[in-house]
Amino acid sequence: LQHGTMKSSQLLTLGLPLDLNQVSAADLDLLPGIGPTLASRIIEYRQKNGDFRSLEDLLSVEGVGEKTLQKISKFVNILKQRY
């Protein structure tokens with residue numbers, strides 16, 4: 001499923017999840033419970049450790065707990081992984 005050039009804010013408005021392995025820090029900042037600091041940490045984690053393989057991988061990011069994961073899980077998913 002390709003969303004082409006749609007902006008993240010448009011995808012969220014349509015109820016379509018963002019690909020956790022493609023989004024920018026600014027995109028993550030749109031999500032509930034994620035501010036600029038946490039968004040940056042998520043991007044840093046992805047850069048150091050490679051693509052997320054599951055949403056539960058977010059729990060390895062400092063500042064992301066079960067509650068935050070629950071809040072954002074309907075807004076993000078893993079669409080593709082780069083190997």
Side-chain angles (χ1 to χ4, degrees):
L1 186 61
Q2 282 282 334
H3 299 309
T5 57
M6 259 191 183
K7 291 182 179 154
S8 294
S9 57
Q10 292 170 309
L11 293 172
L12 291 171
T13 300
L14 294 171
L16 298 170
L18 306 180
D19 184 350
L20 199 51
N21 290 325
Q22 301 290 318
V23 292
S24 68
D27 296 333
L28 289 168
D29 195 17
L30 298 169
L31 303 176
I34 306 285
T37 303
L38 196 48
S40 294
R41 282 191 201 140
I42 292 170
I43 298 299
E44 277 177 42
Y45 180 90
R46 188 176 72 197
Q47 288 169 345
K48 285 182 191 166
N49 300 286
D51 284 353
F52 291 98
R53 296 186 180 281
S54 73
L55 293 183
E56 287 72 29
D57 288 352
L58 279 171
L59 296 173
S60 300
V61 177
E62 183 188 340
V64 178
E66 291 285 343
K67 285 183 182 175
T68 304
L69 183 60
Q70 234 176 355
K71 272 189 211 172
I72 67 168
S73 64
K74 64 181 171 204
F75 301 109
V76 293
N77 68 13
I78 312 287
L79 291 178
K80 56 182 163 182
Q81 297 173 347
R82 296 175 295 264
Y83 295 99

| field | Rounded distance [0.5 Å steps], CG in Leu28 versus CD1 in Ile42 | value | 5.0 Å
| query | Step by step, would you call Val23 with Val76 a side-chain contact (heavy atoms from CB on, under 4.5 Å)? | reply | CA-CA 9 Å; Val23 292; Val76 293; 5.9 Å; no
| query | Out of Asp27, Leu16, Asp29, which residue meets the side-chain contact (heavy atoms from CB on, under 4.5 Å) rule with Ser8? | reply | Asp27
| said: Tell me whether Arg46 contacts the main-chain N or O of Leu20 through its side chain, where contact means a donor paired with an acceptor under 3.5 Å. | reply: yes
| task | Say whether, by atom type as modelled, one donor and one acceptor occur between the side chain of Gln10 and the main chain of Lys7 under 3.5 angstrom. | result | yes
| Does Thr37 have any side-chain contact (heavy atoms from CB on, under 4.5 Å) partners at least two apart in sequence or in another chain, and if so, which? | Arg41
| request: Sequence neighbours left out, what passes side-chain contact (heavy atoms from CB on, under 4.5 Å) with Leu69? Give chain and number order. | output: Leu55, Leu58, Leu59
| Can you name the closest pair of heavy atoms from Ala25 and Ala39 and give their distance? | O-CB, 3.3 Å
| query | Which pair of non-hydrogen atoms, one from Pro17 and one from Asn77, has the smallest distance, and what is that distance? | reply | CG-ND2, 3.2 Å
| request: Quick one: do Ser9 and Leu30 satisfy side-chain contact (heavy atoms from CB on, under 4.5 Å)? Show the steps, please. | output: CA-CA 7 Å; Ser9 57; Leu30 298 169; 4.2 Å; yes
| Below 4.5 Å, heavy atoms only, C-beta onward: do Ile78 and Ser54 meet side chain to side chain? | no
| query | Do you see a donor-acceptor pair shorter than 3.5 Å between the side chains of Asp57 and Ser60? | reply | no
| Taking only residues two or more places apart in sequence, or in another chain, which ones meet Tyr45 in a ring-ring contact (aromatic ring centres under 6.0 Å, His included)? | Phe52
